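Here is the structure we will look at.
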Number of protein chains: 2
Amino acid sequence: MTSDPLPPVLAIRAFEAVSRHLSFTKAGEELGMTQAAVSYQIKVLEERLGFPVFVRRARKIDLTEKGTQLATRVVDAFRDLRTAFSDVRQENDTQLVIACNPTFASRWLAAHLFDFQIANPDLAIRIIPSDSEDQYKNGEQDITISGCYAPPPDNIRHPLIPATFSPMLHPDLAASIGGINSPTDLLKLPITDPADHWWPLWFAKAGIPNPDLGSWPSSRMGSQGLEADRAIAGKGVAILTPFFYRAELASGQLIQPFDLVEHDPGMAWHLSYPHSNRNSRKVRLFRDWIFTELLKDGLDMEETGLAVA
Amino acid sequence: MTSDPLPPVLAIRAFEAVSRHLSFTKAGEELGMTQAAVSYQIKVLEERLGFPVFVRRARKIDLTEKGTQLATRVVDAFRDLRTAFSDVRQENDTQLVIACNPTFASRWLAAHLFDFQIANPDLAIRIIPSDSEDQYKNGEQDITISGCYAPPPDNIRHPLIPATFSPMLHPDLAASIGGINSPTDLLKLPITDPADHWWPLWFAKAGIPNPDLGSWPSSRMGSQGLEADRAIAGKGVAILTPFFYRAELASGQLIQPFDLVEHDPGMAWHLSYPHSNRNSRKVRLFRDWIFTELLKDGLDMEETGLAVA
DNA sequence: TGCAATGCATAAGGGAGATTTATGCATGAC
DNA sequence: GTCATGCATAAATCTCCCTTATGCATTGCA
C-alpha cells in the first residue's frame with residue numbers, strides 16, 4: 001500500500017534540509033526561516049508519523065534509525081526534484097521557441113535567422129510554422145510572429161511589417177497578352193486566388209470598385225507562398241506583399257506592374273509575447289535583434305511601427 | 001547547477017497531482033481542496049517558473065512540453081517519497097522495539113516473550129537490553145521497561161513488579177557454616193556486592209541497623225544477574241528479588257533463608273511509553289499481554305499495581 | 001567553578017498566503 | 001438552443017506557518 005497520504009510537504013521539506021545539516025539552525029538558514037520554525041515543522045512531522053526522527057542530544061541532533069531510513073530516500077527524492085526543475089529551467093533559458101506565421105518564416109526569417117544564431121550561440125532556436133488562434137493558446141512558444149490573429153489581451157504586441165500588397169506575375173505571362181498596361185488587363189489573366197479579399201481592396205484603390213472575381217472574405221496571409229509559387233511558374237496573377245518578394249522582383253522572376261500598393265489597415269505582421277516574458281533574456285535578445293534587422297533591411301521607422309515599441 | 005531553490009513545495013505538490021489527473025478538479029479532490037485552490041497553486045508555479053506547464057483547453061488540460069518533462073520526474077520523486085514514508089510506517093507498525101532493563105529481560109521477558117510472538121506473528125520484536133537515563137532520550141524504542149530510571153514527564157508509566165529483595169545463597173555455602181539461623185549469620189559469609197544499598201535496608205528491617213558492609217548508595221537492579229550467578233556458584237550471599245529467582249529456589253540452586261522480604265518504596269520495575277504511543281496497536285497489544293501474563297504468573301493486582309492502570 | 005556560548009523547545013502573537021465561496025466564461029453534449 | 005462541465009478570478013476568510021522572545025541543558029573556557 002503506497003496509497004496513504006504524505007505527511008505535510010512543508011514538514012517533509014524541513015526534514016530534508018535538517019537531515020542533511022543535522023542541525024535545525026543550519027537548515028533554517030538554508031530554508032530562509034528561523035530555527036523555531038524548523039523545530040515546529042519537525043514536531044509536526046514526528047506527530048504525524050507517530051515516532052521521532054531525530055534524537056535530541058546536547059548541542060547536536062542525530063537521526064533515529066527510522067529517521068535515517070527516511071532521510072536517505074527523502075534526500076534522494078528532493079535531489080531528483082531539484083535537478084528536474086533545474087534541467088527544465090536551463091532548457092527554458094537556452095531554447096527559444098518561435099511560433100511563426102509561415103509566410104514570414106519562409107520569406108524573411110529563414111534567411112535572417114542564421115545571423116541571430118551566430119550572434120547568440122548559446123540559444124537553440126525552434127520555429128513552429130503556424131499561425132492560428134490555437135497557437136496562442138498552446139503556450140508552447142516564447143514568442144509569436146503572427147500575421148492576422150490578435151494576441152491574448154495580456155500579451156505585448158510590436159508591429160513588424162504592414163500588410164501591403166500589389167499584384168504580381170511572371171513577365172512571360174504579362175507578355176502573353178501584350179503587357180499589362182492598366183489594372184483591367186489583369187482580369188484577362190488567371191487570378192491565383194480569387195477568394196483573397198486583398199483583390200477587391202486593391203482594385204478599389206485602383207478605381208475599379210467591382211472587379212469580376214467572385215470573392216468572399218478570406219485572408220491568405222498565412223500562405224501567400226503558394227500563390228507566389230504559381231505566379232512564378234507563370235500560372236496566374238497573385239496579389240502579394242512586395243517586401244517579401246524583393247528578390248524575385250529584382251531577379252525578374254516576378255514583375256509588379258503597378259506601383260500602386262494597398263494595405264490592409266486591420267492587419268500587419270507583428271511580434272507578440274506574454275507580458276511576463278518581457279524581461280526574459282532570450283525574448284529581449286530576439287526582440288532587439290529583429291527590430292534592428294528589419295531596420296537594416298530598409299524599412300523606415302514608420303513602416304515598421306518601431307516608433308511604438 | 002542544482003543549487004537554485006525549488007519552487008514552493010505546495011505548488012509542486014499540486015502540480016504533481018494535477019499532472020496525474022490532468023484535471024484541476026480531480027486533483028483538488030485528491031488533495032482535499034477546491035478546484036480554485038489548485039488553480040491558484042498552479043498559477044503560483046507557472047509564475048515562478050516563467051512558463052506555463054499546462055495548456056488550458058476546452059473542458060480539459062494538457063501538459064505543455066516542459067510540463068511533461070517536469071511531470072514525469074516530479075511524479076517519480078513523489079512516488080519515491082510516498083513509498084519511503086509508507087515503508088517506514090509499515091516497519092513502524094510491524095516492529096516493536098523494547099528497551100528493557102537487563103534483569104527483567106533475562107529473568108522474565110526472555111522466557112515469556114515467545115508466547116507473545118506466537119500470539120502476534122505479525123509483530124517483529126526487538127529487545128534492547130539497557131537501562132539508563134539516555135535510553136529514554138534515544139527515542140528508538142516504542143516501550144521501555146525500566147528498573148529505576150523515571151521516564152520523562154510526558155510518558156505513561158505502569159508499575160509491573162515491586163522492588164522486593166531478600167538474601168539468597170547456595171545451600172552448600174549455607175551448610176559450610178552449619179546453616180543460616182539468624183540474619184547475623186549472613187555476615188560470616190562473603191557478600192557479593194556490599195555496596196548494594198539494599199543490604200542496609202534489609203538488615204534494618206531484620207533489626208540490625210548497622211551491619212558491617214561499608215556500603216555506599218548504588219542500585220544493582222540493572223544487573224542483579226551477576227550477583228545471582230556468583231551466589232549460584234556458591235561464592236557468596238546475594239540480595240535478590242525473589243520473583244525473578246523462583247526457578248532457582250524451587251530447584252534448590254538457591255535458598256532464601258528468611259521469609260523476610262523488604263522492598264524499596266522508591267523503586268519498581270515499570271513499563272512506560274510516550275503518551276502519544278498509548279493508542280498504537282503494537283503498544284496496546286504488548287501492554288495488555290504483559291499485564292495478563294504477570295497476573296497469570298501469580299502476582300495479585302495490588303502487587304503489580306495493575307489497579308492503577 | 002562560574003560564565004559565556006551553542007542549540008533546541010516552547011509559548012504567544014501576528015501575518016502571509018492558502019483556501020473557500022461565489023461567479024463568470026468558454027466549450028461541448030444533447 | 002439549453003445544460004453540463006471545467007477552469008479562471010475576485011473577494012473574503014482563516015488557517016497555520018513563522019517570528020519573537022524566552023527558557024533550559026550542555027559544553028567549553030577562564
Side-chain angles (χ1 to χ4, degrees), chain A residues 7-48 52-64 67 132-134 136-139 150 152-155 274-276, chain B residues 7-48 52-64 67 133-134 136-139 152-155 274-276:
Chain A
V9 284
L10 293 176
I12 299 177
R13 198 256 261 106
F15 170 71
E16 191 266 347
V18 174
S19 70
R20 277 186 287 104
H21 293 290
L22 288 182
S23 159
F24 288 14
T25 307
K26 295 218 187 80
E29 286 165 13
E30 174 183 316
L31 298 172
M33 56 202 221
T34 61
Q35 162 269 128
V38 176
S39 175
Y40 168 81
Q41 289 295 346
I42 297 301
K43 177 182 236 183
V44 166
L45 181 68
E46 291 180 328
E47 278 174 0
R48 173 62 80 89
V53 291
F54 292 109
V55 184
R56 277 72 167 177
R57 303 195 193 282
R59 308 184 56 157
K60 69 184 266 236
I61 55 173
D62 285 320
L63 285 156
T64 61
S132 70
E133 196 90 44
D134 288 346
Y136 277 117
K137 296 183 182 165
N138 236 349
D154 69 321
N155 274 35
H275 185 258
S276 55
Chain B
V9 284
L10 293 177
I12 299 178
R13 197 255 260 108
F15 170 70
E16 191 266 347
V18 174
S19 69
R20 277 186 288 105
H21 293 290
L22 288 182
S23 158
F24 289 13
T25 308
K26 295 217 187 81
E29 287 165 12
E30 174 183 315
L31 297 171
M33 56 202 221
T34 61
Q35 164 269 128
V38 177
S39 175
Y40 168 82
Q41 289 295 348
I42 298 301
K43 177 182 237 184
V44 166
L45 181 68
E46 291 180 328
E47 278 173 0
R48 175 61 79 88
V53 290
F54 293 109
V55 184
R56 277 70 166 176
R57 304 196 192 282
R59 309 185 57 157
K60 69 185 266 231
I61 55 172
D62 285 320
L63 285 156
T64 61
E133 198 89 43
D134 289 347
Y136 277 117
K137 295 184 182 163
N138 236 348
D154 69 320
N155 275 36
H275 186 259
S276 56

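A, B, ... follow the sequence lines: proteins, then strands. Residue 1 opens every chain. Worth knowing before you read on, the calculation uses all heavy atoms, side chains too, and leaves out hydrogens, waters and symmetry mates. Bear in mind that the values here come from a model prediction, so they are computed numbers and not experimental data.
Within a heavy-atom distance below 4.0 Å of DNA chain D, the residues of residues 31-40 of chain B found are Q35(B), A36(B), S39(B). Of all the residues in residues 9-25 of chain B, S23(B), F24(B), T25(B) reach under 4.0 Å from DNA chain D with at least one non-hydrogen atom.
Regarding F54(A), its CZ atom lies at a distance of 12 Å from the C1' atom of dC8(C), rounded to whole Å. The nearest whole Å value for the distance from the CD atom in Q41(B) to the P atom in dA8(D) is 13 Å. What separates CD of E47(B) from C1' of dT9(D) is a distance of 13 Å, to the nearest Å. Summarising the geometry, the separation between NZ on K60(B) and C1' on dA26(C) is reported as 15 Å, rounded to the nearest angstrom. One interatomic measurement links the two molecules: CD of E29(B) to C1' of dG6(D), which rounds to 12 Å at whole-angstrom precision. As rounded to whole Å, 15 Å separates atom C1' of dT19(C) from atom CD1 of I42(B). Regarding R57(A), its CZ atom lies at a distance of 14 Å from the C1' atom of dT26(D), rounded to whole Å. One can place CZ of R56(B) at 13 Å from C1' of dT9(D), the figure rounded to the nearest angstrom.
For K26(A), there are no salt bridge (charged side-chain N to carboxylate O under 4.0 Å, His left out) partners at least two apart in sequence or on another chain.
Under a 3.5 Å cut-off, the side chain of S39(A) and the backbone N or O of Q35(A) do not form any donor-acceptor pair. Panel note: side chain T64(B), backbone V55(B); no donor-acceptor pair is recorded below 3.5 Å. Judged purely by atom type and a 3.5 angstrom limit, R56(B) uses its side chain to pair as donor or acceptor with the backbone of F54(B). The backbone N or O of V53(A) sits less than 3.5 Å from a side-chain atom of E46(A), completing a donor-acceptor pair.
Summary of the strand contacts: E46(A) and P8(B) both lie near DNA chain C, and taking for each the nucleotide with the nearest heavy atom, the more 5' one is attributed to E46(A).
Atoms OG1 and CD, on T25(A) and E29(A) in that order, are 7.0 Å from each other to the nearest 0.5 Å.
Each of V38(A), L45(A), L31(A), L63(A) was evaluated against V18(A); a single residue qualifies, V38(A), per the side chain to side chain contact (heavy atoms under 4.5 Å, CB included) test.
Distances shorter than 4.0 Å separate none of the side-chain N or O atoms of R59(A) from OP1 or OP2 on dC8(C).
When all heavy atoms of A14(B) and I42(B) are compared, the pair lying nearest together is C-CD1, 4.1 Å. Minimum heavy-atom separation, I61(A) to S23(A): CD1-N, 3.8 Å.
Minimum atom distance to the side chain of A58(B) is reached by dT27(C), of the listed dC7(D), dT27(C), dA18(C). When distances are taken from the side chain of K43(A) to each of dT10(C), dC8(C), dG28(C), the shortest belongs to dT10(C).
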